[in-house]
Structure formats: C-alpha cells, structure tokens
Amino acid sequence: MSCATTKSRDTKHKKILLMGLPNVGKSAIFSRFTGMHVMVSNYTGTTVEFTEGKMAVGDDTYTLIDVPGVYDIKQSVDDAERVAVSMLEEKPDAIVFVVDALNVESSVYLLMQVLEYKLPTVVALNRVDLLKVRSMRIDHRVIQAALNVPVVPTIALGGDSLDLVKERLARDLASPDAPHYVLEENELKRWDWVERITARALKPLSDNATIRQDRFAFLIRPWPGLPIAIGVLFLMFAAVIGIGMGLRQFLIMPLFEGIRIGEHTVGLFPWIRAGVEALGITGTFQRVLVGEYGFLIKGIEWPFGLVLPYVLSFYLSMSILEDTGYLPRLAVLLDGVFKKIGLPGNTIIPLLLGYGCGIPAILSTRSMRSRKQRVAVAVMISLAVPCVAQSSAFMFLLVEHSLLALVLVFMISVFAMVLAGFVMDRIKREPMPLTLTELPEMLAPNPALVGKKLLFRVRHYVKDGAIPMVIAIVVTAFLYEFGILDVAGRAMAPVVSGWLRLPEEAATPLIIGIVRRELAVLPLIDMNLSTVQLFTGAVVALFYVPCVAMIATLAKEFNAKVAVGTLLFTTTTAIVIGGLMARLGGLLATWLG
Amino acid sequence: MAVMHEMLSNNAFATMNRLEKGEEGVVYAVPDVRLLASLGIRSGKRVRVLAKSFASGPVIVDIERRSVVVDRSLAAQITIRK
Ligand SMILES: Nc1nc2c(ncn2[C@@H]2O[C@H](COP(=O)(O)OP(=O)(O)OP(=O)(O)O)[C@@H](O)[C@H]2O)c(=O)[nH]1
Ligand SMILES: [Mg+2]
C-alpha cells in the first residue's frame, strides 16, 4: 500500500495553505474542499507530509495544501512539523488557519505567529460542535475583533459551514490591499494577551454548568488501564480473525469455488475452468491459466479470496480504533515500557499500522522526534511485523495443521521485535527525546468517516497490493511451467533442503517472496509439508525480505545504506533462524512423538 | 539553586512528578522548553494529576480540560505550588 512520497508540485495555480495545531480538522477540511481523500484520525501526527489538491474559489481554481499540524512555528520538533513550516516560508497566496474550538488558547497563539507573515488569512474556528460536550460556547467575534482577521465557525464533518470560509477567501483574495492584523508585539506578553482573549471568547453554556472533568482518565491509569488495553488488543485481534474468516468462508469462497445448485456448481472458478476448456486451450497454456500456479485461479484466489477478507476486517477495526482517540492513550500507558528499549510509547501506532502495511507505518514515523528512533522502528517493522497479506497467508497455511505453530509464529514476531529494538538501542545510545504531548478528546467513531477510510484503504490494497500480487503470480506461472523454477530450486538446494530442511521446490517462495511478503508463504500451501516444515517456512517468511516496495520506501525515507542494511539483515536473520527452528522443531517433534 | 532547594523543602511546593494522582496545584516555575507553553504548562495555570503511568512513565495532568502528557524527568523540573 504505497503512497507517493515524492510529489510533483503544482506551479500553475495560486496556493492556499491550511495551517493549525495538530488534530484540529485540517485534513477533514481539505477533504471537503478538494474532494480528495486524505487520512483523518483522532490523534496528533496523522498527516506527516503535504498533499496538494484543487479547489474552486469563486471563479478561480486554487491549489489547497494540507500539511501536518504544528505547535510553534519558531520551534518545529519533528520532520512532519518542518514540512508545514517550510510550506509557510514559501509564502502561499493565502492561508486558511484552523483554530480548534477545544483548544482556543494555543490555537490563537500559533495564529499570531502565522499572521506575522502578513498573508491574507481566513480563520476557520473548527469543531464548534464539540464544545457542547464541555457545556461551553464560543463567541467567534471576540477573536475576529481582537486580531482583525475574519473568523468563521465551522464543523468540518458535515453541514455547509465551510462554504462561508470559501466566500471569505474569495473576498479576501479579490482585494489587493495588504492585510493589517492586530498583534501583541511583545513575545513575553503574548500568552497573557491570548489568555485574556480566550477567556472573553469562551463562555459556559449556562451559569450553573459545571465543567466536566475527563471521564476517560481511567484508560490511562495502570489500573484498570492495563487490563483494558490487553482486552482492547485482544478484541481487535479476535475481530480481525473472526470477521476475516467469516467473510472468507461464508461469502467470498462460496462465490469463487461455487455452490451446488442441483447438478451444477455455480461459481467463478468452475466457470473459468469450463471457459478455458471450451476455448480448447490445452497443455502448457492450460496449466499457466488454471494449473498449479494457474494465474486465473491463484491470481484471483490469493489476493481476493485469501487476503482481501482480512484487509477488510483489519482496516475496519483499525479505522474505528483510530477515530476513538484510544491509540494515543495506549501509547501513554506503554510509554514507560517502550522507554526500556529506547523508544517512545507512541511507537505502538506505527507498529499497529505495520500489521496492515509496512509502508504507511514507516511513513508515520515522521512524527517521531529522533532519527535514530525512526530508523529503529522502521527496521523493527521490516524485520518482524507481518503485513495483513502475510498474516492471512500464515493463517491459511497453519490454521488447520497446527494452531500452536500459528500462535508461535506471532509470538516469535513480537519477541524478535522487542529484541531488535533492544539491540539497536544498545548499539547506539543517545539521549532520548522527552515525551511531551497532549491527548485528543475521546470521540465516538463517525460511521460515514470510518466507511470512507475503509473504502480508501481497500482501494489502495487493490491497486498497490493485489495488482502487483497478480502480476507476480502470472510471472511465476510461466517460470514454473517452463521449468525455470526447478533449475533455481536445484541451485538453491544446499540452503533450502540442506539447511532449512525443506523440499527443493520451496525455493519458489524464497524467489517470489522478494516481491511481496505473502508470496514467501503462499506457495508452501500445496507442497504437502510436515508441521515442522510449515513452521520453518513460516518463520523464514516472517523475517525474510520485507517486499520490494518497503525496501524502496526505506531508501526514500532514510538512505540507501539503511535500505541495503535492512535487506541483508532481514534475509540473514530469516535463513539463520529458519535453520535453527527446523532443528529445534525436529527435536520437539520427536520428543512429542 | 539554594532558593529552589528551600522552596522544595517547604511543603507548599513540589515538583510535578511528586504530586499524587488527583492532587492539584498551580504551576510556579517551568524549565525552558518551548513546547510546554503551547501545551498550557505556564506559570499560573492550575493543574491536576489525572494519572501517573507505571514503569516511570509520564505524568498526565489536566490543564483547563486539556490532558497533557509530561515525561517523568521533565515533570521533575516543573515546580508546582500546592
Ligand atoms: N465533531 C467534530 N469532529 C471533527 C471536526 N473536524 C475534525 N474532527 C475530528 O477531529 C479529528 C482530527 O481531524 P483531522 O482532520 O485528522 O485533523 P488534522 O488537523 O488534519 O490533524 P493532523 O494531521 O494530526 O495535524 C478527527 O477525529 C476528526 O474526525 C468537526 O468539525 N467536528
Ligand atoms: Mg491532518
């Protein structure tokens, strides 16, 4: 699921930049204005790069730019924030500044820093609907008058309040005068000034309304927070497997394999086989189409029958979790533990994302404050976090033979991750950035938003996951039928048969597994392997090359050294550990009888 | 430094890491970390400890309904008047 990271810039149109604190709804507004989908989640650091989109204002077309949130223009703390500040430094033609109704004070402080650039600015006072929860209301005119900047109250998720922002923009962009903003020049006095404005703008809904304290503080206390965290993760795991298996068994596979109606089997695969036969295709070409690696069968079954159900169930669970605001709480809870391996608690977010796809996971590390930590997390993901496609392959491979082996593979994955983190921390010690952040409000997931996100991620999977998988399967089908895989298998026999104790043909997954993670697993399915061999194969695949797209991402995000280093490290680990597991498993098998 | 020491031995002051869950106070002195100001940790602000994470994890304080997560070692540099 790769995202384009090096983007071509639009130079034709005038630019409007969206700025504001993190997690205030910039990306939500961007989606509404441009019709483009960008990730919207309830935690700081969702957006880690800029995105450009077209937006019509009046009769003109502008380029709207969504950037990561920042706290302080004068001191960006991570790569993501630097992206935002550099965009501002490029002097866009106008700014839409998003003030968070739940966090007026810091928003207005940042707004003043942005107004110093003297660019036409319209303020969207967003998330005003959420003030109700706090029994508060806000008078936007106070901010408007205090700073002499247009302020429009908005709700980014629905309604037409955003139209007013556009109208104001159209008016401001039409007037040629340089805007004049009222600013408190003395930096030291600024906070006092901002506090006074905020106090004037925010009012309780009624006189006797009590300000409610955080009802969700229990989630971040070790008790009962920790048991709840374990429960939530377990529930997510169960939901992913349960929903995925259900979809596969009761919906998708019946459509593919067919259901018996009277004497006929009605379904996709029977039709395909009949079709190939009817066309009179025989011999090698028949096998390329519908044989061992026949791509009309495997090319549909693997990406859509096997992986897609789990893509759906994983991203459904993940999207819901992202929108609640629970993830940053989990991060805080685990912060002390993660520090033991030199990483911040919010490492948990890239790791969890990695169980979907490693590429967005590696990109999301941009909001981490140290490069060393970024590399460490990227290596952990490349080495030991199986993506959803590979996990579904493990499940399919092992579930019927040995549930124990399946559980062991996932346990080894977690163990290796921790060990890798620990070792990397020891290799290069450096002072750790301090944990300093804020928790987003807990929100009920918005079904429409979750649905859109799910759709977006599934489309991404089809485009960047399923299609490369199909192409790889087509190529494999030819290589296999023309005997090239046999030759390669004999060449690799010392490693594959000698060291890993797998049949020669198990060279195939090692060859095509370079392309995609799950392809290092799937060919093992039809090889009649013993449980120990299946387990060995799975462990090798787990640590093996993390797919070409991820290697490319590592090179782009860091450098060629990191990419090549990771490639060598993961491959070596895979072969060494695989061989050890084959022997250990052998002993265990004889011991168990 | 001496003044600081005297203040802390006085029961009216404590560093933020010393506050117990549920305890309240007013921020008195903060170290020179810019982000603290943006997160609302500025002198004069009322804070209440929502939670203290285990394994020397961060202290989470409520400041005017914001939940701010502060590293334990940074909390040790923030003085609170109880
Ligand atoms: N209730 C409500 N929720 C909103 C509104 N606008 C945004 N949200 C929610 O606020 C959260 C943050 O939205 P994003 O669009 O991801 O915020 P962002 O400013 O792009 O955040 P970063 O990319 O992390 O800087 C999400 O959970 C949104 O669903 C709004 O007007 N009302
Ligand atoms: Mg965003």
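Just so it is clear, the values below take in all heavy atoms, side chains as well, and ignore hydrogens, waters and symmetry mates.
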(message) Rounded at 0.5 Å granularity, tell me how far OG in B:S56 sits from NZ in A:K340.
(response) 5.0 Å

(request) Enter the distance from A:L219:CG to B:L50:CG here, rounded to the nearest 0.5 Å. (result) 11.5 Å

(message) Under 4.5 Å from any heavy atom of chain A, what part of B:K52 do you find: side chain, backbone, both or neither?
(response) backbone

(message) Assess whether a salt bridge exists between A:R134 and B:E64, defined as any Lys/Arg side-chain N lying under 4.0 Å from an Asp/Glu carboxylate O.
(response) no

(message) Between B:V68, B:V70, B:L39, who has the most heavy-atom pairs with chain A when the cutoff is under 4.5 Å?
(response) B:L39

(request) Using non-hydrogen atoms and a 4.5 Å limit, figure out which bit of B:V61 sits close to chain A: side chain, backbone, both or neither. (result) neither

(message) Given heavy-atom pairs under 4.5 angstrom as the criterion, report whether the side chain, backbone, both or neither of A:L226 touches chain B.
(response) side chain

(message) I need the residue from A:Q75, A:E438, A:K74 with the largest number of non-hydrogen atom pairs under 4.5 Å to chain B.
(response) A:E438

(request) Would you mind checking which part of B:L35 comes under 4.5 Å of any heavy atom in chain A, side chain (CB onward), backbone (N, CA, C, O), both or neither? (result) both

(message) Only pairs of heavy atoms separated by less than 4.5 Å count here; which of A:V337, A:V77, A:V332, A:L334 has the most with chain B?
(response) A:V332

(message) Less than 4.5 Å apart, side chain to side chain, heavy atoms only: is that true for B:S53 and A:I220?
(response) no

(request) Count the heavy-atom pairs under 4.5 Å between each of A:P344, A:S107, A:G336 and chain B, then report the option with the highest count. (result) A:G336

(message) Under a 4.0 Å threshold between the charged nitrogen and the carboxylate oxygen, would B:R42 count as salt-bridged to A:E105?
(response) yes

(request) Nearest 0.5 Å please: distance from the CG atom of A:L439 over to the CG atom of B:D62. (result) 10.5 Å

(request) Verify, without hydrogens or angle tests, whether B:D71 (side chain) and A:T435 (backbone) share a donor-acceptor contact under 3.5 angstrom. (result) yes

(message) How about CG on A:N186, more than 12 heavy atoms from neighbouring residues, nucleotides or ligands closer than 6.0 Å, or not?
(response) yes

(message) If I take atom NZ from residue B:K45 and atom CD from residue A:E195, how far apart are they, to the nearest 0.5 angstrom?
(response) 4.0 Å

(message) Under 4.5 Å from any heavy atom of chain A, what part of B:I63 do you find: side chain, backbone, both or neither?
(response) neither

(request) Answer yes or no: is there a side-chain heavy-atom contact under 4.5 Å between A:M136 and B:R65? (result) no

(request) Flag the one option from B:S38, B:S73, B:G57 with the top tally of heavy-atom pairs under 4.5 Å to chain A. (result) B:S38

(request) Measure the CG-CZ distance between A:L436 and B:R34 for me, rounded to the nearest 0.5 Å. (result) 13.5 Å

(request) Please round to the nearest 0.5 Å and tell me the distance separating atom CH2 of A:W191 and atom OG of B:S43. (result) 12.0 Å

(message) Minimum heavy-atom separation for B:F54 and A:L333, please, with both atom names.
(response) CE2-O, 3.2 Å

(message) Can you see whether B:R66 engages A:S106 through a side-chain donor-acceptor pair at a distance of less than 3.5 angstrom?
(response) yes

(message) With a 6.0 Å cut-off (strictly less than), is the heavy-atom count around CZ of A:R369, excluding the residue itself, greater than 12?
(response) yes

(request) Could you tell me which portion of A:Y109 (side chain, backbone, both or neither) has an atom closer than 4.5 angstrom to a non-hydrogen atom of chain B? (result) side chain

(message) Among B:A37, B:G44, B:G40, which residue has the highest count of heavy-atom pairs closer than 4.5 Å to chain A?
(response) B:A37

